[in-house]
Student: 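Here it is: the structure, laid out below.
None of the values given here were measured: they were computed from a predicted structure. All chains are named by letter (A, B, ...) in the order of the sequence lines, taking the proteins before the strands, and each is independently numbered beginning at 1.
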Number of protein chains: 2
Amino acid sequence: MTRFMRLLVRASAPAAAAWLLSAGFASAEALASWHDTNSRRAIESFVTTVTTPGADFVPPAERIAVFDNDGTLWTEQPIYTEFAFSLARAAEMAKADPQLLAKPGFKAAASGDPKQIAALSEKDLLKVVVATHANVTTEEFAQAAKTWLAQARHPRFHRAYDTAVYQPMLELISYLREHDFNVFIVSGGDADFMRTFAERTYGVPPDQVIGSSSTTQFDQRNGRWVLVRQPQMSIDDKAAKPSNIGLHIGARPIFAAGNSDGDLQMLQYTTSGPGRRMGLIVHHDDAQREYAYDRASKIGTLDKALDEAARSGWTVVSMKGDWKTVFPAAVATPRAP
Amino acid sequence: MTRFMRLLVRASAPAAAAWLLSAGFASAEALASWHDTNSRRAIESFVTTVTTPGADFVPPAERIAVFDNDGTLWTEQPIYTEFAFSLARAAEMAKADPQLLAKPGFKAAASGDPKQIAALSEKDLLKVVVATHANVTTEEFAQAAKTWLAQARHPRFHRAYDTAVYQPMLELISYLREHDFNVFIVSGGDADFMRTFAERTYGVPPDQVIGSSSTTQFDQRNGRWVLVRQPQMSIDDKAAKPSNIGLHIGARPIFAAGNSDGDLQMLQYTTSGPGRRMGLIVHHDDAQREYAYDRASKIGTLDKALDEAARSGWTVVSMKGDWKTVFPAAVATPRAP
């Protein structure tokens, strides 16, 4: 029985399982949306090697795969999805408390004007993220994220953000699971934000989602003990990624996928262990079907990691050349109740 | 197929599986080492209720159980096992660098005299823990812990520390897994220390072990990227336990087991969620077969949590009255290679 099958048994929600199947998981042909190019062959060669008895065999318990999320599993342009959520939440907060409009991030958010939003500095944007993620219980925050995700639509693709995911990467996750890999998300996105859709969308349960996080305060609200998010955030990016892998997983992965310099250290850590390893980088070179950006982009900068990929033999996936399709055909996912 | 069976499939190491079976996991009679008392009935009633369709049914994905380790799953007297490891490591370090003997913790450790060690303040002991857990890679640290665990013996029970575990608690973990619970360790012990035996001993994989942790530095050693433990530790105790549950699991457990005031907040957090919940406290009242201590003990103080147990209806397990046996009959576990 494969890890994927066990996951389905565990998931218990028939709707989720049905959607996973329709979205390409456990498809008749593994990696069906991948052209038969070097990238696909490198993936298949790696998986065959580590799962076949021999010098490079890796026991199932050590088949750990880590995936970045923004730009690796779902679209991160024109702004990170979580920034879109934060701006929507900031606009709502400013309605209730107009004094917040004195802050540039809240002012731009309330205007709803893409130009004002695009003009914000990363510092001001991060301030909005911190302010909109604090002073709520973890359970209230998750509910706010679910509510937003259910109604928000990507400005270009006009589909729910959690359906602006890459079909070939869903198939890659499925393919790894069919070979008893244990799949984790290691992303700069807020862990509690990602946990609201990661199980439904990627089959990754909450405890296998590693991300940025807020300090929490154990406190009582209405007589119940809760965790209240504080305005201190720890960002899961660059060298923090391998450190968080150590903290949360406690073992060195054998497969890592990313798309930006924020993933460089995670790929270095993964691929410098002994035995056969695989590093994979999604290169956004498809302006027509998605976006084209790398070294000069403010979002998802891919510069040092692209150089290192050439030196270290990581697989650089061309969205344009390696993928038959980008997004799943289904445009609707089952929404959270 | 139960979670336990899936775990066995995953474990892949026949020796580990055989030992788990011999140690009482998946025994013909669940909870065989528990007398038929209120404690056992409370456990069975809880599990039956949350797994039977009805108002209190909990879907498998939400059946999260958290267990403290020291004093809950294994013996914590006469000193925490990790302190014993730290003292042994300190004695070794002092051999290599006699200047360390200027520090009271290292001096007591090098003396090997139980009286000098017992006289150390908790502060001096913690200094030894921090110093012996820092400036090594996570992989070197794990190897040191494995090596020590393989040869060290408990001073009173003359068995390896990872066999000084409570047979009834192993059966409880197994019973929960047979009912599709997902079991996590949430303990004050160092996560990387516990990860060296938790899978073999409890069937809990490294990524489901939550504990105290050191900050790590991503660095190169001999051309390989590694995580180097720093002399800053975050202690997973009291209110940090629910915060770490939020950080690592991202969901509120429905079952929590502990034995001391360090577990109070974890039990409060677990049992103040909606629906049926269970809090369980192991009360050390068996001086003959193990130890008897509670309110006045320096190690594993059980005072406030004992009062709260009475108020909140948590199950207080009497080692003396509820358990037929304390330790597994097998005195040898398979050692790490």
Student: Measure the shortest side-chain to side-chain distance between B:Asn182 and A:Asp207 over non-hydrogen atoms and say whether it is less than 4.5 angstrom.
Tutor: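 Contact flag for B:Asn182/A:Asp207 side chains = yes.
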Student: Would a 4.5 Å heavy-atom cut-off, applied to side chains only, mark A:Ile249 and B:Arg195 as touching?
Tutor: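 A side-chain contact under 4.5 Å is absent here.
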Student: Distance from A:Ser213 atom OG to B:His248 atom NE2, nearest 0.5 Å?
Tutor: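 If I round to the nearest 0.5 Å, the distance is 9.0 Å.
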Student: Sequence neighbours left out, what passes salt bridge (charged side-chain N to carboxylate O under 4.0 Å, His left out) with A:Glu308? Give chain and number order.
Tutor: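 For A:Glu308, the residues satisfying salt bridge (charged side-chain N to carboxylate O under 4.0 Å, His left out) (neighbours in sequence not counted) are A:Arg311.
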Student: Nearest 0.5 angstrom please: A:Thr216 OG1 to B:Leu247 CG, how far?
Tutor: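 Reported to 0.5 Å precision, the distance equals 7.5 Å.
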Student: So, using salt bridge (charged side-chain N to carboxylate O under 4.0 Å, His left out) as the criterion, who are the partners of A:Arg229 when residues are at least two apart?
Tutor: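 A:Arg229: salt bridge (charged side-chain N to carboxylate O under 4.0 Å, His left out) contacts with A:Asp190, A:Asp192.
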Student: For B:Asp307, check salt bridge (charged side-chain N to carboxylate O under 4.0 Å, His left out) against everything at least two apart and list the hits.
Tutor: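 B:Asp307 satisfies salt bridge (charged side-chain N to carboxylate O under 4.0 Å, His left out) with B:Arg295 only.
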Student: Of all the residues in residues 233-243 of chain B, which have a heavy atom that comes within less than 4.5 Å of a heavy atom in chain A?
Tutor: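 Result: B:Ala239, B:Pro242, B:Ser243.
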Student: Considering all heavy atoms of both residues, which atom of B:Tyr269 and which atom of A:Trp225 are nearest to each other, and what is their separation?
Tutor: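 Closest approach of B:Tyr269 to A:Trp225: CD1-O, 3.9 Å.
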Student: Quick check on A:Gln220 against chain B: is it the side chain, the backbone, both or neither that has a heavy atom closer than 4.5 Å?
Tutor: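 Neither part.
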Student: Can you check whether A:Arg224 reaches B:Pro274 side chain to side chain, under 4.5 Å on heavy atoms?
Tutor: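 They are in contact (side-chain heavy atoms under 4.5 Å apart), so the answer is yes.
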Student: Hey, what do you get for CG (A:Leu264) to CZ (B:Phe218), rounding to the nearest 0.5 Å?
Tutor: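 Rounded to the nearest 0.5 Å, the CG-CZ separation comes out at 7.5 Å.
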Student: Which heavy-atom pair separates B:Pro206 from A:Gly250 by the least distance, and what is that distance?
Tutor: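 The pair with the smallest heavy-atom distance is CB-O, 4.3 Å.
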